[in-house]
Amino acid sequence: MNSRRLICTLSLLLGLVACSHLPRATTIIVTGLVFHNTTATPIHNAKLSVSQTHEMVACGIILPGKECSTTFPQREYQGNPVMVSWEQAGRRWSVKALEVKLPADGVAKRPTIALITLAEHGAISARLVPQPSAGPTPTEIQLQLR
């Protein structure tokens with residue numbers, strides 16, 4: 001009887017361990033960041049930092065109506081709070097826990113880019129947008145022409 005109980009317990013433990021390694025259905029991969037300046041004046045020292053991971057992205061100057069972008073090795077979006085700070089027209093702005101809008105269904109079908117829009121009077125928004133799909137490589141074009 002004890003061996004039967006031991007076998008049941010081991011089976012249950014193995015099942016729980018196996019379940020803990022299943023991939024999550026809400027995986028979102030982030031591969032880059034874009035700061036977009038929608039104001040009428042330059043933005044200086046735009047910075048996004050994630051305190052939990054000690055990571056940071058920064059842009060020195062973003063002209064009116066322009067963008068500053070960067071890519072980085074792909075990583076899974078973890079929902080950590082992000083802090084964004086910037087200077088505009090002699091004033092410093094910052095948001096300590098920026099809310100990032102996720103895709104409606106919580107799943108991204110392809111890698112995403114974080115789009116941070118900086119607007120007048122310290123207004124800011126953030127969302128994850130699908131990374132533009134890359135066009136065919138020169139080799140792929142040549143193969144299509146044959």
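All values derive from a computational prediction rather than experimental measurement.
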TODO: Answer yes if M83 and W93 sit in the same cluster of Ile, Leu, Val, Met, Phe, Trp and Tyr residues linked by side chain heavy atoms under 4.5 Å apart, and no otherwise.
DONE: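 No; tracing contacts between hydrophobic side chains, which count when under 4.5 Å, never links both residues.
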Open item on the list: According to a hydrophobic-cluster definition based on side-chain heavy atoms being under 4.5 Å apart (Ile, Leu, Val, Met, Phe, Trp, Tyr only), do I28 and V50 belong together?
Closed with: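 Cluster IDs for I28 and V50 match.
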Task: Residues which pass side-chain contact (heavy atoms from CB on, under 4.5 Å) with A123, listed by chain and number, not counting sequence neighbours - done: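 Applying side-chain contact (heavy atoms from CB on, under 4.5 Å) to A123 gives A119.
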Open item on the list: Quick one, Y77 and L128 - any side-chain contact, counting heavy atoms below 4.5 Å?
Closed with: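 In contact.
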- [ ] Check A126 against I116 and note the closest heavy-atom contact, atom names and distance.
- [x]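 Where A126 meets I116 most closely, the heavy atoms are CB-CD1, 3.5 Å.
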- [ ] Please report the C-alpha distance between Q78 and T53 in whole Å, then the side-chain angles of each, then the deciding distance to 0.1 Å, and finally whether the side-chain contact (heavy atoms from CB on, under 4.5 Å) criterion is met.
- [x] CA-CA 10 Å; Q78 299 173 354; T53 61; 4.3 Å; yes
Please report the interatomic distance [atom1]([X]) to [atom2]([Y]), rounded to the nearest 0.5 Å.
X	Y	atom1	atom2	value
T38	L118	OG1	CG	7.5 Å
I29	E76	CD1	CD	5.5 Å
N80	S49	CG	OG	11.5 Å

- [ ] Please name all residues satisfying salt bridge (charged side-chain N to carboxylate O under 4.0 Å, His left out) with E120, sequence neighbours left out, ordered by chain then number.
- [x]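 E120 satisfies salt bridge (charged side-chain N to carboxylate O under 4.0 Å, His left out) with no other residue.
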Please table the atom pairs, donor to acceptor, closer than 3.5 Å between any side-chain atom in residues 58-74 and protein atoms at least two apart or in another chain.
none

- [ ] Please collect all salt bridge (Lys or Arg N to Asp or Glu O under 4.0 Å) contacts where either partner lies in residues 78-92, sequence neighbours excluded, each pair once.
- [x]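 Residue pairs passing salt bridge (Lys or Arg N to Asp or Glu O under 4.0 Å), neighbours aside: E87-R92.
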Task: Contact list for residues 34-58, test salt bridge (Lys or Arg N to Asp or Glu O under 4.0 Å), sequence neighbours left out - done: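 For residues 34-58, and leaving out neighbouring residues, the salt bridge (Lys or Arg N to Asp or Glu O under 4.0 Å) pairs sorted by first residue read E55-R75.
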TODO: Could you pull out all residues at least two apart from T41 that satisfy side chain to side chain donor-acceptor pair (under 3.5 Å)?
DONE: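 With neighbours one apart ignored, the set is Q88.
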Task: Members sharing V34's hydrophobic cluster (side chains within less than 4.5 Å) - done: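 Answer for V34: I113, L115, V129.
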